[in-house]
Amino acid sequence: MTAPATPVRYPLQLPISDWLFIDATMEHHIRSSVDGTVPSELEDRLDMSAATDPDLAALPKVARLGFSIRRAGWAQIPGWPHDVEGFKTWPAPGQTAPVTLAGAQWSLIVHALHHWADVDEGLADTETAARSRAIAADVSHRLAAQGWSPETR
């Protein structure tokens, strides 16, 4: 029996404000996945090697992978405030942090950003839709330079 392959990990230096947007998008995507209101076309194609929390095993794959993304961000980005007051001054304008995730995690992020951009556009929230698409395009472009593609697992 062979050990499962370690997923390829891709580092990006991101504005923390973009990561906070990604984190919020993932939170929404997780909730909607659990509620069954997000299309589940990804369920059968997801590489779950990055989502290892046994306490979440009963959740849909999208939700488990989404949790792994959020937890990775919390672990990798220093200085997360512990209360609402702290978010008034954090992050500093333009502050960046390195985030390294597996290909499947980045793929879910890009997918979720596009999904919720479409939803926001349908609700006439063009500003949020545009930001979501801009972050997805930036992430996709910079990861593609490292050999990543949305199908990377």
Side-chain angles (χ1 to χ4, degrees), residues 7-53 56 59-84 86-88 90-146 148-153:
V8 178
R9 299 177 60 77
Y10 300 89
L12 281 185
Q13 187 77 20
L14 292 173
I16 293 176
S17 60
D18 285 359
W19 183 260
L20 292 174
F21 190 91
I22 289 168
D23 183 73
T25 299
M26 293 314 306
E27 178 181 16
H28 197 63
H29 208 69
I30 291 165
R31 288 179 190 268
S32 296
S33 171
V34 170
D35 294 343
T37 56
V38 162
S40 60
E41 73 271 6
L42 288 180
E43 281 290 310
D44 295 333
R45 297 183 303 160
L46 289 176
D47 172 358
M48 298 304 294
S49 57
T52 59
D53 189 334
L56 304 176
L59 294 177
K61 289 180 180 180
V62 169
R64 293 193 324 247
L65 193 58
F67 272 116
S68 76
I69 292 165
R70 295 189 75 210
R71 288 179 176 162
W74 299 336
Q76 293 178 49
I77 297 175
W80 282 85
H82 297 288
D83 56 28
V84 175
F87 281 100
K88 290 181 180 179
W90 185 87
Q95 185 177 354
T96 65
V99 176
T100 301
L101 299 172
Q105 291 170 309
W106 286 118
S107 294
L108 181 58
I109 288 169
V110 170
H111 173 82
L113 288 168
H114 283 294
H115 173 81
W116 292 105
D118 291 345
V119 170
D120 288 333
E121 204 165 67
L123 297 171
D125 185 354
T126 55
E127 185 177 321
T128 303
R131 180 157 187 218
S132 191
R133 284 195 177 96
I135 293 170
D138 179 55
V139 165
S140 295
H141 175 76
R142 294 194 298 137
L143 289 171
Q146 298 181 49
W148 170 91
S149 72
E151 293 79 32
T152 303
R153 297 176 200 199

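Residues: numbered from 1 along the sequence shown. Keep in mind the model is a prediction, meaning the values are calculated, not measured.
Residue T25 comes nearest to W116 through the heavy atom pair CG2-CD1, 3.8 Å, listed as atom of the first residue, atom of the second, then distance. The shortest non-hydrogen separation linking A129 to A117 is CB-O, 3.4 Å. S140 and W148 get closest at one heavy-atom pair: CA-CZ3, 3.7 Å. T100 approaches P11 most closely through the heavy-atom pair OG1-CB, 3.4 Å. Closest of all the heavy-atom pairs between Q105 and S68 is NE2-OG, 3.0 Å. In plain terms, the two heavy atoms of P91 and L20 that are nearest each other are CD-CD1, 3.6 Å.
Separating the NE2 atom in H115 from the CG atom in D120 is a distance of 9.5 Å, to the nearest 0.5 Å. A distance of 6.0 Å separates CD1 in I77 from CH2 in W90, rounded to the nearest 0.5 Å. Interatomic distance, S32 OG to E27 CD, rounded to the nearest 0.5 Å: 10.0 Å.
Between the side chain of W106 and the main chain of Y10, a donor-acceptor pair closer than 3.5 Å is present.
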Practice prompt. Could you give me the CA-CA distance, side-chain angles and deciding distance for I109 and L101, then say whether side-chain contact (heavy atoms from CB on, under 4.5 Å) is met?
Written response: CA-CA 10 Å; I109 288 169; L101 299 172; 3.5 Å; yes
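In this structure, Q146 and L12 have side chains that are in contact, with non-hydrogen atoms separated by less than 4.5 Å. In this structure, the side chains of I16 and W80 stay at 4.5 Å or more apart for every pair of heavy atoms.
Among residues at least two apart or in separate chains, salt bridge (charged side-chain N to carboxylate O under 4.0 Å, His left out) pairs with a member in residues 127-140 are D18-R131, D118-R133, E121-R133, D138-R142.
If you run side-chain contact (heavy atoms from CB on, under 4.5 Å) between V62 and each of M26, H29, H111, only H29 comes through.
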